[in-house]
Amino acid sequence: MSAGPAASEIVPPSPGASPAVADLGGVAVGAGVGLVAGLSVPLAWGLVPAVLVGLGAVVLVARRGPGAPDPAVVAALPRARRIALAALILAPAIPLATVAARAIAGVVVAYPAALWAAAPAVLAAAVLPLLRRTWSQGLVLCALVFGTFAAGAWGARFEAAGAHARGETWGGPILGIHPFQTTAIVIDGYGPFDLPINDYVEPDGSKGYGPAALAEALTRDLQKIAELQYAEHGPARAYKAFAEATVVAEDLPEARERLDRPSEAPTEPRLHVTSGGVGRASRVEFVCPGAPNDPRPRKPDAVMERMCPDKYSSEASAGLGLTGRWTGYTEVLGQPRLSLGRALGWPRERVTGELRAWAWIALGLVFLAACGPRGRAAAGLSRWGGAVAAIAAVLSVMLLVPGLSVQVESWARPAAWEAPGALAPWVALLALGSGHAALAAGPAPSTRSGWRGLLSRALPVVAGTLGLAGSLAAATWWTPELTPPTGPAQAVPLAGVIAGLGEGLHRGSGLRIDVAEGVVAASAVALLLGLLAALLGPVVRFAGSALAPRRPVLAARLALLAVIVPAALLVLSRMSSGGAALLAPAAAMAWMAGTGLALAMPGGRRWPAIAEHLLAAVIVVVAGRQALAAQSNRTMWIALGVGVLITLAGLVLVPRVRSASDSATPAPRP
C-alpha cells in the first residue's frame with residue numbers, strides 16, 4: 001500500500017475556529033434536522049421513556065466517539081474504503097440539503113420578515129472567519145444571535161406598516177334588509193361566524209341601522225367574537241384578526257346595475273371591512289350563514305362555495321352588499337412588502353414557483369459561501385446557525401413551556417407513534433448520531449472532551465423536547481408539513497410550526513403576535529441556513545478530501561457540485577415531495593456514515609462499532625422500504641436503488657485495516 005499524503009495536504013473541515021465555537025457547526029446540523037423533521041424522542045410514550053431513549057442515543061454516540069477523525073487518517077485508508085466513506089457522507093447530504101432549502105423557501109414565503117435575517121447572515125459569513133480569539137468569537141456570535149432576533153422583529157413591523165398588508169373587503173351597495181336576517185364572516189381563515197342583524201337596515205338611515213350605525217354594530221360583533229372565542233385559549237393570531245378588524249361605511253361611486261333607468265345618486269353607501277391580521281394569510285370573506293360555531297380555521301366545504309341555499313340568508317347578504325353575487329363586492333388579500341413573486345409580477349397562485357425560486361437562491365448563496373477560501377464563509381454561517389439554535393433552545397424552555405396550552409393545527413394531527421415500527425419520527429435522533437454533526441464541528445483535538453461537544457449538539461433537541469413535552473398533550477407530535485402546496489390556499493412548508501412557536505413566544509414573552517412570529521421565522525431561517533452551510537461546507541469538503549487526498553481543493557469542488565446539482569434538481573421533484581419523502585432513509589444513511597467514520601478511526605472497541613454499522617445498514621434498507629411503500633414512483637425507486645448500492649458499498653468499511661502509521665511505513669521488500 002502506498003503512503004498517504006501528509007496531514008498538511010488535507011483540507012481541514014473547520015479551519016481557524018476555537019473548539020467551543022466549532023462545536024456550533026454540529027449544533028446547526030442536529031437542531032436543523034430536528035426543525036424540519038420533528039422531535040427526536042417519542043412524546044406519545046411519555047416524558048420518562050423519551051428521556052431514556054434520548055440519553056441512550058447520546059451514550060451510544062459518545063461510546064463510538066462524537067468527534068470527526070483526523071483527515072490524514074482517512075486519507076491513509078485504501079481507495080475503496082475512502083470512496084465508500086465519501087459516498088456514505090455525500091448521498092444523504094443531497095436530500096438533507098434539498099429539504100433545508102425548501103424549508104427556507106417556505107419560511108420566507110409565509111413570513112417575509114424572515115428575510116431580514118440576511119443582514120446577520122452576511123456579517124456571520126464575512127466577520128466570523130476573521131476572528132481567532134475565543135472570547136471575540138463568542139461576543140460576535142452573541143451579538144449576531146440577538147441581532148437575528150431583532151431583525152425578525154423589525155421585519156415584522158416593516159411588513160405590518162405596509163399599505164396593503166391587511167386583507168380587505170368592499171361590499172356592494174347597501175340596499176337594506178328587514179330584521180332578523182343573517183350573514184357570516186371568515187377572517188384570516190378563522191370561522192365562519194354568523195352576524196345576525198336584529199333591526200332594519202336602510203341606506204339612508206331612516207329606519208333601524210344606517211350605514212355608519214351598521215358598521216359600528218358589526219365592529220362590536222367582531223370584537224365580541226374575539227373575546228368569546230380566542231381571548232382565553234387562542235390562537236393569538238385569530239384574536240388579533242377579529243379584535244383589530246375594522247368596519248367602516250364609505251360612500252363610493254355607484255355600481256351601475258340597471259341600464260333601463262338612470263342612477264339615482266352618484267355615490268352609494270358600502271361597507272369596507274379590514275382584517276386585523278397581516279401577511280399572505282390575511283383576508284376577509286363573507287360566506288353563507290348557519291355553519292357550526294367552530295373557532296378553528298375553516299375547512300374546504302363544497303356547500304360553502306356555492307350559492308346560499310336559504311332564501312332569507314341569501315337575501316340578507318345581498319341586501320347588505322356582502323356577497324359575491326352582488327356587483328361591487330371585492331376581496332383583496334394581504335400583500336407582503338418583501339416578496340419575490342410580487343417583485344417579478346407573478347400572481348399569488350404561483351406559490352410553487354416562488355418556493356422553487358427561493359430554494360434555488362438559498363442553494364446558490366450557500367454554494368458561493370462554500371466555494372470561498374477554504375470554506376470559511378460557510379463555516380461562519382453554520383456556527384451562526386448553531387449559536388441561534390443553542391440560545392433559542394434555552395429560551396424555549398424559559399418562554400415556551402407556559403405558552404403552548406393551545407392546540408396548534410400542525411401538532412394536533414395523529415401521532416406517527418401509532419405505528420411503532422415507523423422510522424420517520426426518529427429522523428432527528430438519527431441525524432444527531434450521524435457523522436455529519438461531527439464533521440461540521442471538525443476534527444476533535446485529544447484535549448477536548450467529546451462529551452462536551454456531543455451534549456452541545458444534543459442541547460437544542462433535548463430542550464425542545466422538554467419544552468413541548470411539558471406543554472402539549474401526550475398524543476400530539478411535532479410533524480412539520482414539508483410537502484409543497486398544490487394551491488394558494490394550502491399552507492407552505494413550516495408555516496404551521498412557525499405559527500405555533502410564535503404563539504408560545506407571544507404568550508411567554510408578551511410580544512405582539514406578528515412580532516413574535518417574525519422573531520421565530522428569522523431564527524428558523526438562521527438555523528436552516530446553518531444546516532445548509534454545514535452540509536455544503538465542512539461536510540462536503542471532508543468527503544472531497546477523502547475522495548482525492550492529493551488534490552483536496554479540486555476534489556472538494558467536485559464533491560460540492562455532486563451535492564448541489566442533484567439537490568437543485570430534486571427541488572423540482574413532486575414525486576419525492578421536494579426530497580421530503582427521502583428524509584428518513586437519508587438520516588439512516590447519515591447514521592451509517594457516522595459508524596463508518598468510527599470504523600475508520602484507529603483504536604477503540606471494534607466489534608461494537610461493527611455491530612452498530614451493520615445495524616445501521618439494516619435500518620437504511622427498512623427506512624427505504626417504508627418510504628417506498630408510502631410513495632411509490634420512478635423517482636423514489638431510482639433514489640432508493642442508489643441508496644441501497646451505496647449502503648452495500650459501505651460494508652467494505654467493516655474489515656480491519658492497518659492504522660495510518662502502519663500504512664505510512666512501506667513494507668520491507670523480500
For W360 and L365, run side-chain contact (heavy atoms from CB on, under 4.5 Å): C-alpha distance rounded to whole Å, both residues' side-chain angles, the deciding distance at 0.1 Å, then the answer. CA-CA 9 Å; W360 283 329; L365 293 178; over 6 Å; no

List the steps and the verdict of side-chain contact (heavy atoms from CB on, under 4.5 Å) for S136 and L139. CA-CA 5 Å; S136 61; L139 288 178; 5.8 Å; no

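Heavy-atom minimum distance, G578 versus T98: O-CG2, 3.1 Å. Closest approach of G518 to A113, counting heavy atoms only: CA-CB, 4.2 Å. Between A495 and Y111, the shortest heavy-atom distance links the atoms O-OH, 3.5 Å. Closest approach of L505 and A516 over heavy atoms only: CD2-O, 3.7 Å.
Counting heavy atoms from C-beta on, the side chains of L535 and V540 never come closer than 4.5 Å. In this structure the side chain of I89 reaches within 4.5 angstrom of the side chain of H436, judged on heavy atoms. L560 places a side-chain heavy atom less than 4.5 Å from the side chain of C371. Using a 4.5 Å cut-off on side-chain heavy atoms (C-beta onward), P112 and S339 make no contact. By the 4.5 Å heavy-atom criterion applied to side chains, V109 and R280 are counted as neighbours.
Between the E503 side chain and the I513 main chain, no donor and acceptor come within less than 3.5 Å of each other. Within the 3.5 Å criterion, the main-chain N or O of G277 finds no donor-acceptor partner in the side chain of K240. Side-chain atoms of S434 do not come within 3.5 Å of backbone N or O of W591 as any donor-acceptor pair. Judged purely by atom type and a 3.5 angstrom limit, D188 has no side-chain atom pairing as donor or acceptor with the backbone of A241. With hydrogens and angles ignored, the 3.5 Å screen pairs a side-chain donor or acceptor of E354 with a backbone N or O of G341. In this structure, the side chain of H506 engages the main chain of L511 through a donor-acceptor pair within 3.5 Å. A donor-acceptor pair under 3.5 Å is formed between the side chain of E159 and the backbone N or O of R337.
One finds no salt bridge joining R512 and E244 here, because no Lys/Arg side-chain nitrogen approaches an Asp/Glu carboxylate oxygen to under 4.0 Å. The pair E168-R283 does not meet the salt-bridge criterion, since no charged nitrogen lies less than 4.0 angstrom from a carboxylate oxygen.
Listed by chain and number, the residues in a side-chain contact (heavy atoms from CB on, under 4.5 Å) with A526 are T148, W384, V388 (sequence neighbours excluded).
Note that OG of S382 is 11.5 Å distant from CG of L527, once rounded to the nearest 0.5 Å. Separation of atoms CG (L333) and NE2 (H164) is listed at 12.5 Å; rounding is to 0.5 Å. The line from CG of L123 to CG of L144 is 6.0 Å long, rounded to the nearest 0.5 Å.
In summary, of the residues considered (V366, I104, L340), a side chain to side chain contact (heavy atoms under 4.5 Å, CB included) with I361 occurs for L340 alone.
Side chains of S577 and R102: a donor-acceptor N/O pair is absent below 3.5 angstrom, by distance only.
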